[in-house]
Number of protein chains: 2
Amino acid sequence: MPVTTGKRADAQRNVAAILDAAAACLVRDPDASVSDIAAAAGVGRVTLYGHFASRTELVDAVFVRAVTRAHEALDAVDLTGDARQALARLVASSWQVIDESRMLLVAAQHTLPPERIRKLHENPMRRVRSLLERGRAAGVFRFDLPADWLVAVFYTVVHGAADEIGAGRLAAEAAADAITATLLAAFTPPGDPVPQVTATG
Amino acid sequence: MPVTTGKRADAQRNVAAILDAAAACLVRDPDASVSDIAAAAGVGRVTLYGHFASRTELVDAVFVRAVTRAHEALDAVDLTGDARQALARLVASSWQVIDESRMLLVAAQHTLPPERIRKLHENPMRRVRSLLERGRAAGVFRFDLPADWLVAVFYTVVHGAADEIGAGRLAAEAAADAITATLLAAFTPPGDPVPQVTATG
DNA sequence: AGTAACTCGAACAATGCTGTTCGACAAGGT
DNA sequence: ACCTTGTCGAACAGCATTGTTCGAGTTACT
């Protein structure tokens, strides 16, 4: 695994270029070859193999970077205060991040073992879970369905929205509100009224 | 494209065996080779190419058959009466069908162009859409979100549930109720109370 | 300026796949 | 009984991929 320390300056530059190019290529074609990626990075194939022992390791690195960035972006979201408004804020920040890395996820699924992907998703997931539990404690989110399931619903709905946008059936501007409205309704305890979503932005 | 008419008896048998074997293999490995499939079908590779001009054509045929069967199973569901109860019935019949063909969908995504997959999904989708619109007209489903989006939510939540079951995080027995409760809530108009789901044995 | 780290292209071996061709053979239909 | 239709195995060509090796050339650190 390539580290950022101890390496020469141009080596670090190349690693970054390779990672960028790989991300770009894999988004276009989940089965992009090492040759394509190296060429897109403006680097020889041999150089690439000098930094990443195998194609799998490269894909892993790209995916790790994407997930880490997404996690950082989500960490910046304020989840205090009213849980429902916090959910709205989380969605507003999440969906774009996920939309960008959605094709990357497909590429990862083509080459990485499922448990690896699951493990890398755990951190971002925890954030959703903690918010869910806070909302439950406050009485605004439902208790009658498993927490695991509700977290999965969050995940799958956001990804579904990304797919819909990609297919051109959902306007990007309308996405955040649609996702928020859907998730708020899905999280509402039985008997409670479904909250109205005030249009954002 | 292989037809069931005009072929000799053993040829028809072999086509069926190939289709079955292909489905089984592709579920285990979305990139299963033609050799594997032919072997699993107890048939020579040449024979397979005699019936399907290319691997792609074979995958397409397998996928078409799976979707068709799913569509038929869904057509048997009674969608009259209260839209919410009809939705529950549709979910109860849908999720198992989708769970079975979920890995097949992955295989299809690996080899078939996206528009082809979309097109084959149109028929089953229409059924959901008509139910949605009936529920809207009856005032029990929401109008404030696009119909396309709500149909997509149905699709993505059911598939998400299938994934959760596959990952062992959701008990198969609990799936139908969880999906139904989630979707009913997501479809409920803002201001209306979220319906309680009575456990279905 | 000297040295170690890095890069590059070309070429290599090793697979693994698809799709086709051949000839001999078996099975189904009438 | 006949002949069409289908089957089989082996072998072939073609292609794309991964990952490695080599030697010569460059680039960055000190």
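Quick note on labels: first sequence line is chain A, next is B, and so on, each numbered from 1. Hydrogens, waters and symmetry mates play no part in the numbers below; they use all other heavy atoms, side chains included. Everything numeric in this text was worked out from a predicted model, so none of it was measured.
The nearest whole Å value for the distance from the NE2 atom in A:H51 to the P atom in C:dT7 is 4 Å. As rounded to whole Å, 15 Å separates atom C1' of C:dC17 from atom CG of B:L58. In this structure, B:D29 atom CG and C:dG16 atom P are separated by 14 Å, rounded to whole Å. Taking atom CG of residue B:D31 and atom P of nucleotide D:dT18, one finds them 14 Å apart after rounding to whole Å. The interatomic distance linking B:L48 (CG) with C:dT18 (P) rounds to 10 Å, in whole Å. Between A:F52 atom CZ and C:dC6 atom P the separation is 14 Å, expressed in whole Å. Going from atom CZ of B:R55 over to atom C1' of C:dT20 covers 18 Å, rounded to whole Å.
Residues forming a salt bridge (Lys or Arg N to Asp or Glu O under 4.0 Å) with B:D36 (at least two apart in sequence, or on another chain): none. With sequence neighbours left out, the salt bridge (Lys or Arg N to Asp or Glu O under 4.0 Å) criterion links A:R127 to A:D75. For A:R129, the salt bridge (Lys or Arg N to Asp or Glu O under 4.0 Å) partners are A:E133, A:D148, not counting sequence neighbours. Residues satisfying the salt bridge (Lys or Arg N to Asp or Glu O under 4.0 Å) test with B:R89, not counting sequence neighbours, are B:D78.
We find that B:D99 and B:R102 are joined by a salt bridge, their nearest charged nitrogen and carboxylate oxygen being less than 4.0 Å apart. Salt bridge annotation for A:D82-A:R134: absent, with no cationic side-chain nitrogen under 4.0 angstrom from a carboxylate oxygen.
A:V194 is not listed as a side-chain neighbour of A:L184, based on a closest heavy-atom distance of 4.5 Å or more. With a 4.5 Å cut-off on side-chain heavy atoms, A:V15 and A:F52 count as touching.
The aromatic rings of B:F63 and B:H121 sit tilted relative to each other, their planes meeting at an angle between 30° and 60°.
Of the two residues contacting DNA chain C, namely A:A11 and B:S35, the nearest-nucleotide position lying further toward the 5' end is that of A:A11. Where A:A53 and A:D36 meet DNA chain D, the nucleotide closest to each residue was compared, and A:D36 sits on the side nearer the 5' end.
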Quick one: which protein N/O atoms are closer than 3.5 Å to N/O atoms of nucleotides 8-12 of chain C? Pair and distance per line, please.
| unit_1 | atom_1 | unit_2 | atom_2 | d |
| --- | --- | --- | --- | --- |
| C:dC8 | OP2 | A:G44 | N | 3.1 |
| C:dC8 | OP2 | A:T47 | OG1 | 2.7 |

Under a 4.0 Å heavy-atom criterion, the protein footprint on nucleotides 23-30 of chain D, written with B, S and -, is ----BSS-
